[in-house]
Amino acid sequence: MKNTNKNDSSNEDVKQQDLNKNISDGSDQYLTTNQGLKINDNNNSLKAGERGPSLLEDFILREKITHFDHERIPERIVHARGSAAHGYFQVYQSMEKYSKAGFLQDPKIKTPVFTRFSTVAGSRGSTDLARDVRGFSVKFYTDEGNYDLVGNNMPVFFIQDAIKFPDLIHAVKPEPHNEMPQAASAHDTFWDFISLMPESMHMIMWAMSDRALPRSLRMMEGFGVHTFRFINSNNESHFVKFHWKPKLGLHAVLWDEAQKISGKNSDFHRQDLWEAIDNGNFPEWELGVQLISEADEHKYDFDLLDPTKLVPEELVPVTLIGKMVLDRNPDNFFSETEQVAFHPGHLVPGIDFTNDPLLQGRLFSYTDTQLSRLGSPNFHEIPINRTISPMHNNQRDGHMRQEINVGRVSYHPNSLGGGCPYQARIDQGGFVSFNERIDAQKVRDRSASFSDHFSQATLFFNSQTKIEQNHIINALRFELGKVETEAIRHRMLGLLSEIDKTLAAKVAESLGMVVPIAPEKPINHGVGADADPNKYESILEKKQAVNQSDALSMLKNKIQSDAIVTRQIAFLCTDEFNDASVNIVKKALEGEGAVVKIIAPHLGTVASESGTSIIADQTYLIASSVLFDAVYIPSGKGIATLTKNKDAIDFVNEAYKHCKAIAAAGEGTEVVDMSDAKGKGLADGIISNVVFDSKNLSNSFIKAIAQHRFWDREEKL
C-alpha cells in the first residue's frame with residue numbers, strides 16, 4: 001500500500017540532518033575499539049616487557065585481529081591464490097646436538113610433507129605473476145604430530161608488531177570504494193601506509209626487487225621469517241632462522257614479461273609446478289639453518305626478535321641440514337590445496353617460539369582464521385590436515401565433527417576412564433615450552449633496538465648488481481607513478497633518500513619531483529599517543545657489520561645452478577624445415593632435461609624437407625616469447641615463409657629485449673638478421689650457425705640457456 005503520510009518530506013529532512021551531525025573532517029575522531037573505548041596505542045601489542053611475549057589479556061589486539069580474520073568468506077584473506085604439492089623431507093644427519101625434533105634425527109626416514117606456495121595480496125582469481133611476496137609453507141606429517149613451517153620467499157616483513165597486520169593488508173588490498181586494483185600494490189592506500197611506516201623500508205627493497213617476480217615457484221627461496229628456537233634433549237636452546245634453498249637456483253622474470261605473461265597465461269606458475277611434477281622433474285630444496293647460541297642473543301647490531309631484520313650469512317653461515325622433494329601433485333585442488341590449514345603454532349618437541357611480536361600475534365590469528373574460513377573447530381579432521389600420529393584428547397562435538405568418540409569420559413583428570421588419555425612426560429615425548437626467564441612490567445611498547453629501519457634496507461640495495469638495482473629503481477618508478485597523491489610520493493622520496501641518495505634521485509626524476517632535504521617525520525609512528533618519539537628515532541649513525549652480502553643478490557647468490565632442467569625452449573618452425581636441424585638439437589636439449597615446444601603458423605602436422613612431419617604444440621596466436629626461456633630457429637627451405645611472418649620476427653625481438661638466449665641454424669639465421677639480434681654474437685647470447693654444425697650449436701646453446709639471461713643486453717638497450 002502506498003504511504004500517504006504528509007510528513008514524509010519533513011521526516012527525510014530530519015534524517016538527513018541527523019546524518020550530517022555524524023559527518024566530520026576527522027579532526028575530532030579518535031581510534032576506538034568496537035565498544036567505543038578510545039585507544040592510546042594502536043601500534044604495539046601488550047607485552048611482558050618491551051622485548052617480552054605478547055599477553056593473552058590484550059583485548060585490543062584480539063578484537064582487531066579477530067575482526068580482520070573474519071572479513072572474508074570463504075577464501076583466505078591473504079594467500080588466497082595458491083598452488084601445492086606432496087613430497088617428503090629427509091635430514092642429512094642427526095641434529096640431536098641442537099634439536100630433539102624426531103624428524104630431524106634419522107637420515108633414513110622420509111617425513112611426508114605438503115607444501116603450498118601462494119601470492120599474498122590477490123584473490124583466488126588473480127594472476128600468478130603479480131608483483132608480490134610469495135608464501136612458502138610446509139606441513140611436516142611427523143610421528144610426533146604435525147609441524148608447520150609457515151614462511152615466505154622473503155626473509156623479512158613489512159611490520160614489527162602483529163597489531164599492525166590488519167592495517168597493512170587493508171592498505172594493500174583493493175581500495176574499498178571501488179575494489180581496485182586487484183593483486184597490486186601500485187595504488188595510493190598501500191603507499192600512504194608505507195610512507196608513514198619507516199619500519200617497512202627493508203621489506204620494500206625486497207618487494208620491489210626481482211624476488212617479487214619469480215620465474216618459477218621451483219626457482220625461489222623460502223624463509224621462516226621469524227627467529228625460532230631449537231631445543232635439545234638437555235633443554236639447551238639455540239636461536240634458529242630457517243632457509244629453503246632451491247636446487248634449480250634463483251631466477252626471475254622481468255616486469256615487462258610479468259605483465260605480458262599475466263595476459264597470456266595467468267596460471268603460469270601453477271601450470272609450471274604441476275607439469276614439472278607430472279613429467280617427473282621433481283623440484284627440490286635444501287633446508288638450511290642459521291644457529292645462534294643464547295649467549296649471542298644481543299651480539300649483533302640488530303635485534304633477533306625484529307621481523308624486519310635478517311641475519312647476514314656473512315655473520316652466521318647457513319648450514320644445510322636436509323632436503324625436500326615434491327614428487328606428487330594433489331588429487332583434488334579444493335580438498336587439499338584449498339583446505340590445507342597451516343599454523344606457526346603447530347609445533348613438535350625440539351622447536352619453540354621466541355618473543356617476536358609479529359610471531360606472537362600470528363599464534364592467535366591462524367586458528368581464529370581457520371574457524372571462519374573452514375567453518376569449524378574440527379578443521380584438523382579434514383584429511384589434508386589430519387596428523388599421522390595418534391590423536392587423543394577431550395575435545396568433542398562442533399560443526400562437521402567426524403571423529404566418533406566412544407565412552408562416557410571427556411574430561412581430565414578422570415577415574416572412570418582409567419585416567420586416559422594421560423599427560424606425557426618429557427621422556428615420553430610430551431611438549432614443554434622453553435623455560436625462559438621473564439621479569440618485566442606489562443607495557444604497550446617496543447624495544448628501542450627495533451628502531452633502526454634503514455641500515456638493512458641499505459645493505460640489501462648495496463648488495464644488488466647494477467642490473468638488479470635498476471630493476472628496483474624502475475619498480476619504484478612504476479609503483480609510485482601510479483600514486484595520485486603527491487604528498488605520499490614526497491614522503492616516500494624522503495624515506496628512500498635514507499636508504500640511498502642516488503636511488504631516491506633516480507625515482508624522483510621519473511616522478512618529476514625533487515628529493516626532500518630530510519624525510520618527513522610521521523606522527524605517532526610505531527608508538528602510542530603519549531610515548532616519547534625520541535626513543536624511537538632511527539639509529540642512522542649505526543654502522544652495519546656487513547656492508548654487502550652476495551646471498552641477497554639473485555645474480556650473485558651461490559645457489560645458482562648451471563642445469564637447464566625444465567627450461568622451456570621454443571622452436572620456431574614452418575613447413576619444409578630441415579629434419580636434422582630440429583631433431584638433433586631437440587634431442588640434445590631434452591637430454592639435458594629441457595622442454596621443447598614446436599611453434600608453427602598452424603596446429604596439426606608440420607612437414608619437413610624430406611617429407612616427414614612433426615606435431616605443432618602451439619601457434620603464434622597462442623604462444624609468446626615471454627612464456628619461454630630461449631628461442632631456436634632451425635634451418636630449412638621454408639624459412640622464407642617465416643621471414644615474412646611478423647609474429648615470428650616479434651617473437652625473436654621480444655626474446656632479445658628480455659635478454660634470452662637465441663639460436664639459429666642455416667637459413668634460420670635469416671630470421672635473426674631481420675630482428676634486433678642482427679649482428680650479435682655468442683657474447684650476447686646469440687648463436688648464429690650459418691652452416692649447421694649440430695654439435696657446436698647444441699653445446700653453445702645449452703651453455704647460453706644455463707646462463708639464464710644476458711644482462712649486458714639490457715644496458716645497451
Side-chain angles (χ1 to χ4, degrees), residues 39-55 58 60-61 155-165 167-168 193-205 225-227 239 241 292 294-312 315-316 353-361 436-460 494-495 498-499 518-546:
I39 296 172
N40 175 264
D41 188 343
N42 185 51
N43 295 296
N44 299 286
S45 54
L46 188 65
K47 307 177 188 71
E50 60 184 23
R51 291 185 75 252
S54 299
L55 300 177
D58 190 350
I60 296 175
L61 169 72
V156 293
F157 203 60
F158 293 97
I159 52 174
Q160 295 174 327
D161 195 301
I163 202 169
K164 299 307 296 176
F165 192 72
D167 298 302
L168 167 67
F193 177 81
I194 295 299
S195 69
L196 297 170
M197 295 289 289
E199 67 196 61
S200 298
M201 295 314 295
H202 186 197
M203 182 61 172
I204 282 296
M205 289 294 98
V225 181
H226 308 287
T227 300
F239 295 104
K241 288 276 194 179
I292 300 167
E294 284 279 331
D296 289 338
E297 178 179 0
H298 303 289
K299 176 181 179 180
Y300 307 104
D301 52 13
F302 51 86
D303 198 316
L304 289 177
L305 303 187
D306 183 351
T308 68
K309 303 296 186 294
L310 54 80
V311 180
L315 296 181
V316 182
F353 312 121
T354 62
N355 297 329
D356 175 338
L358 179 61
L359 173 60
Q360 292 280 311
E436 181 183 8
R437 177 180 174 82
I438 296 174
D439 183 11
Q441 294 178 313
K442 288 193 297 186
V443 294
R444 209 174 271 283
D445 203 350
R446 72 181 67 177
S447 173
S449 58
F450 277 39
S451 63
D452 174 17
H453 303 317
F454 299 104
S455 293
Q456 288 208 351
T458 300
L459 168 65
F460 182 83
L495 293 176
E498 295 293 289
I499 297 173
E520 180 181 325
K521 290 186 178 180
I523 300 172
N524 294 134
H525 155 64
V527 299
D530 295 316
D532 177 8
N534 294 322
K535 175 183 176 182
Y536 304 93
E537 284 293 310
S538 296
I539 310 171
L540 300 178
E541 68 277 5
K542 180 176 280 189
K543 301 296 183 183
Q544 284 282 108
V546 176

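Bear in mind the structure is a predicted one, so any value in this text is a computation, not a measurement.
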Note, [X] side chain near [Y] side chain (heavy atom, < 4.5 Å):
| X | Y | result |
| --- | --- | --- |
| L304 | T354 | no |
| M201 | T308 | no |
| P53 | F353 | no |

Which pair of non-hydrogen atoms, one from [X] and one from [Y], has the smallest distance, and what is that distance?
| X | Y | answer |
| --- | --- | --- |
| L315 | F302 | CD1-CE2, 4.1 Å |
| Q160 | D356 | O-OD1, 4.4 Å |
| L61 | A162 | CD1-C, 4.3 Å |
| D303 | S447 | OD2-OG, 4.2 Å |
| R51 | N355 | O-CB, 3.3 Å |
| I60 | I39 | CG2-CD1, 4.1 Å |

Measuring from [X]:[atom1] to [Y]:[atom2], what's the distance to the nearest 0.5 Å?
| X | Y | atom1 | atom2 | value |
| --- | --- | --- | --- | --- |
| D167 | I159 | CG | CD1 | 8.0 Å |
| M205 | F454 | CE | CZ | 10.5 Å |
| I204 | H202 | CD1 | NE2 | 11.5 Å |
| F165 | F158 | CZ | CZ | 10.0 Å |
| L495 | L196 | CG | CG | 8.5 Å |
| L358 | F157 | CG | CZ | 6.5 Å |

Is it the case that the side chain of [X] and the backbone of [Y] share a donor-acceptor pair, with hydrogens and angles ignored and the cut-off at 3.5 Å?
| X | Y | answer |
| --- | --- | --- |
| S54 | Q360 | no |
| D58 | L46 | yes |
| D296 | K299 | no |
| K241 | I292 | no |
| T458 | I499 | yes |

- Message: If the threshold is 4.0 Å, N to carboxylate O, is there a salt bridge linking E199 and R446?
- Response: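 Yes, this pair counts.
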- Is the closest basic N to carboxylate O distance between E50 and R444 below 4.0 Å? no
- Message: Going by salt bridge (charged side-chain N to carboxylate O under 4.0 Å, His left out), name the residues that satisfy it together with D161, two or more places apart in sequence or in a different chain.
- Response: K47
- Message: Assess the residue pair M197 and K164 against the criterion (side chain to side chain contact (heavy atoms under 4.5 Å, CB included)); give the C-alpha distance rounded to whole Å, side-chain angles, the decisive distance to 0.1 Å, and a yes or no.
- Response: CA-CA 10 Å; M197 295 289 289; K164 299 307 296 176; 4.2 Å; yes
- Quickly, which of L310, V546, D301 forms a side chain to side chain contact (heavy atoms under 4.5 Å, CB included) with Q456? Name it, please.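 Of L310, V546, D301, side chain to side chain contact (heavy atoms under 4.5 Å, CB included) with Q456 is met by L310 alone.
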